[in-house]
Engineer: 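Dropping a structure here in structure tokens format, bear with me for questions.
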Amino acid sequence: MEAENQTTASGFLLLGLSEDPELQPLLFGLFLSMYLVTVLGNLFIILAVSSDPHLHTPMYFFLSNLSFVDICFITTTVPKMLVNIQTQSKDISYIGCLTQVYFFMIFAGLDNFLLSLMAYDRFVAICHPLHYTVIMNPQLCGLLVLMSWVIIFWVSLLLILLIMRLNFCTGAEISHFFCELTQIIKVACSDTLINNIFLYVLTALLGVFPLTGILFSYSQIVFSLMRMSSAGGKYKAFSTCGSHLSVVTLFYGTGLGVFLSSAVTYSSQRISIASVMYTVVTPMLNPFIYSLRNKDVKGALGRLLYRAASCP
């Protein structure tokens, strides 16, 4: 068995969402369409924010970073899935799988951090409006994003080093459409205690702490709004949070749905289908939420498209 365990370089088998050959063309078309919509939608957000001086504010700086991360997030998983469907192959190399886990954790973690930073931005804007420009200065915003990258880079690297100490059986099958972390640990043939402990720590760092920060920010926002006497002022202040709240609800709601699905069912296929919501659907819907619910972004997109159409 020891010799068999050491053949990790031969890679893994990604079972995907379905093994039904009649569904493969449908899955290919569906995921290719969602991938293109996600990339183009988030790219439009980035271009709109960068080209419109009215959107050169901390909130839209974080939004453009979120759009960039969402493009990278979906690119980590979907293209490999599309290639496997097209070539009728389920293989992924050992290095390829570790690379996918590494970048998936980076961009998933950055999604969490950026959503918490956007909540903090709204907290400062509503609860400390007179000091907003002083507190949320460009240097601080850039530093917060840089710190998020540095933290998640080293945490993900440590995670990969812990996975590399594990042994895997030949032809290990991953019941998912990408190299999902818990599935990787599940198919290991060696002791995974340290990996499981680190997984809990990672969940707290990348999930619980950012979500706690978001909840704290919005609790302070609600208390601040309750002290306002003007109903119009309350609505105007809280309306700036609508898009962000929608994205937070979608991201954490789908993530919670995957967690509950894994807790109540032993079907790996159902869990992988549920995970499509936060890995594919959420990055795809974010640009629509911000463009449809935010008049500033909607206006910037309109001006961007008008300039593009006016060019000879």
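Just so we're clear, the structure is a prediction, and the values are computed from it rather than from any experiment.
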Engineer: Roughly how far apart are I214 CD1 and T249 OG1, rounded to 0.5 Å?
Structural biologist: 9.5 Å

Engineer: How are the rings of H128 and F123 set to each other: parallel, tilted or perpendicular (split at 30° and 60°)?
Structural biologist: perpendicular

Engineer: Assess the residue pair M118 and V247 against the criterion (side chain to side chain contact (heavy atoms under 4.5 Å, CB included)); give the C-alpha distance rounded to whole Å, side-chain angles, the decisive distance to 0.1 Å, and a yes or no.
Structural biologist: CA-CA 11 Å; M118 294 170 78; V247 171; over 6 Å; no

Engineer: Between L13 and I184, is there a shared hydrophobic cluster once you connect ILVMFWY residues whose side-chain heavy atoms come closer than 4.5 Å?
Structural biologist: no

Engineer: Do the side chain of T282 and the main chain of F251 share a donor and acceptor less than 3.5 angstrom apart?
Structural biologist: no

Engineer: Tell me whether F209 shares a hydrophobic cluster with L110, the cluster being built from Ile, Leu, Val, Met, Phe, Trp, Tyr side chains joined at under 4.5 Å.
Structural biologist: yes

Engineer: Between N167 (side chain) and S190 (backbone), is there a donor-acceptor pair under 3.5 Å?
Structural biologist: no

Engineer: Can you tell me how far CG of L14 sits from CD1 of I85, rounded to the nearest 0.5 angstrom?
Structural biologist: 11.0 Å

Engineer: Taking it one step at a time, do F177 and L15 satisfy side chain to side chain contact (heavy atoms under 4.5 Å, CB included)?
Structural biologist: CA-CA 6 Å; F177 66 93; L15 299 185; over 6 Å; no

Engineer: Would I92 and Q100 count as a side chain to side chain contact (heavy atoms under 4.5 Å, CB included) here? Give the steps.
Structural biologist: CA-CA 10 Å; I92 184 170; Q100 195 174 65; 4.0 Å; yes

Engineer: Using a side-chain heavy atom cutoff under 4.5 Å and only I, L, V, M, F, W and Y, what cluster partners does F223 have?
Structural biologist: V222, M226

Engineer: Does P210 reach the side chain of L115, with side-chain heavy atoms less than 4.5 Å apart?
Structural biologist: no

Engineer: Does anything in residues 43-69 form a salt bridge (Lys or Arg N to Asp or Glu O under 4.0 Å)? List the pairs, not counting sequence neighbours.
Structural biologist: D52-R303

Engineer: Indicate if I106 and I95 have the same hydrophobic cluster label, given that clusters are the connected sets of ILVMFWY residues with side-chain heavy-atom separations under 4.5 angstrom.
Structural biologist: yes

Engineer: To the nearest 0.5 angstrom, please state how far the CG atom of L27 sits from the CG atom of N84.
Structural biologist: 12.5 Å

Engineer: Do F288 and M277 land in one hydrophobic cluster if side-chain heavy atoms of ILVMFWY residues count as linked below 4.5 Å?
Structural biologist: yes

Engineer: For the residue pair P129 and V124, establish whether any side-chain heavy-atom pair is separated by less than 4.5 Å.
Structural biologist: no

Engineer: Using the rule given for side chain to side chain contact (heavy atoms under 4.5 Å, CB included), can you reason through S275 versus E180, listing the C-alpha separation, both sets of side-chain angles and the distance that settles it, and then say yes or no?
Structural biologist: CA-CA 10 Å; S275 67; E180 202 266 337; over 6 Å; no

Engineer: Got a sec, which residues hit disulfide (SG to SG under 2.5 Å) with C127, two or more places apart in sequence or on another chain?
Structural biologist: none

Engineer: At what distance, to the nearest 0.5 angstrom, does CG of L36 lie from CZ of F31?
Structural biologist: 13.5 Å

Engineer: Please report the shortest heavy-atom distance between L140 and N137, naming the atom on each side.
Structural biologist: N-OD1, 2.8 Å

Engineer: Which pairs count as side-chain hydrogen bond (donor to acceptor under 3.5 Å, both in side chains) when at least one residue sits in residues 204-225, sequence neighbours excluded?
Structural biologist: Y218-H244

Engineer: Could you list the residues that satisfy ring pair (Phe, Tyr, Trp, His ring centres under 6.0 Å) with H56, not counting sequence neighbours?
Structural biologist: none

Engineer: Among residues at least two apart in sequence or on other chains, which ones pass side-chain contact (heavy atoms from CB on, under 4.5 Å) with F44?
Structural biologist: L301, L304, L305

Engineer: Looking only at heavy atoms, what is the nearest atom pair of I289 and S246, with distance?
Structural biologist: CG2-CB, 3.7 Å

Engineer: Sort and list the pairs that fulfil salt bridge (Lys or Arg N to Asp or Glu O under 4.0 Å) and have at least one residue in residues 83-111, not counting sequence neighbours.
Structural biologist: E19-K90

Engineer: Is there a side-chain contact between V187 and E173, using heavy atoms and a 4.5 Å cut-off?
Structural biologist: no

Engineer: Using side-chain contact (heavy atoms from CB on, under 4.5 Å) as the criterion, list what pairs up with Q86, not counting sequence neighbours.
Structural biologist: F28

Engineer: Using distance only, find each side-chain donor-acceptor pair of residues 58-76 under 3.5 Å and give its atom names and separation, not counting sequence neighbours.
Structural biologist:
| from | atom 1 | to | atom 2 | distance (Å) |
| --- | --- | --- | --- | --- |
| Y60 | OH | N294 | OD1 | 3.1 |
| Y60 | OH | N294 | ND2 | 3.1 |
| Y60 | OH | D296 | OD2 | 3.3 |
| S64 | OG | Y60 | O | 3.3 |
| S64 | OG | F61 | O | 2.8 |
| N65 | ND2 | F61 | O | 2.8 |
| S67 | OG | N42 | OD1 | 3.4 |
| S67 | OG | L63 | O | 3.2 |
| D70 | OD2 | N286 | ND2 | 2.8 |
| T75 | OG1 | Y35 | OH | 3.1 |
| T75 | OG1 | I71 | O | 2.6 |
| T76 | OG1 | C72 | O | 2.7 |

Engineer: Nearest 0.5 angstrom please: K186 NZ to I174 CD1, how far?
Structural biologist: 11.5 Å

Engineer: Which heavy atom of V101 sits nearest a heavy atom of C179, and at what distance?
Structural biologist: CG2-O, 3.2 Å

Engineer: Under a 4.5 Å side-chain heavy-atom rule over Ile, Leu, Val, Met, Phe, Trp and Tyr, are V83 and L98 clustered together?
Structural biologist: no

Engineer: What side-chain hydrogen bond (donor to acceptor under 3.5 Å, both in side chains) pairs are there with at least one residue in residues 114-123, not counting sequence neighbours?
Structural biologist: D121-Y132, R122-T240

Engineer: For F103, is the CZ atom crowded, meaning more than 12 foreign heavy atoms sit under 6.0 Å from it?
Structural biologist: no

Engineer: Any side-chain heavy atom of M81 within less than 4.5 Å of one from F178?
Structural biologist: no

Engineer: Nearest 0.5 Å, please: how far is OH in Y252 from OH in Y278?
Structural biologist: 13.0 Å

Engineer: Show me the donor-acceptor pairs within less than 3.5 Å that the side chains of residues 144-165 make with the rest of the protein, sequence neighbours left out.
Structural biologist:
| from | atom 1 | to | atom 2 | distance (Å) |
| --- | --- | --- | --- | --- |
| S148 | OG | L144 | O | 2.9 |
| S156 | OG | I152 | O | 2.8 |
| R165 | NH1 | N195 | OD1 | 3.0 |

Engineer: Contact between S175 and Q183 at the side-chain level, heavy atoms closer than 4.5 Å - yes or no?
Structural biologist: yes

Engineer: Going by the rule side chain to side chain donor-acceptor pair (under 3.5 Å), which residues pair with D191 if we only count those two or more places apart in sequence or in a different chain?
Structural biologist: none

Engineer: Which heavy atom of P53 sits nearest a heavy atom of S51, and at what distance?
Structural biologist: CD-O, 3.5 Å

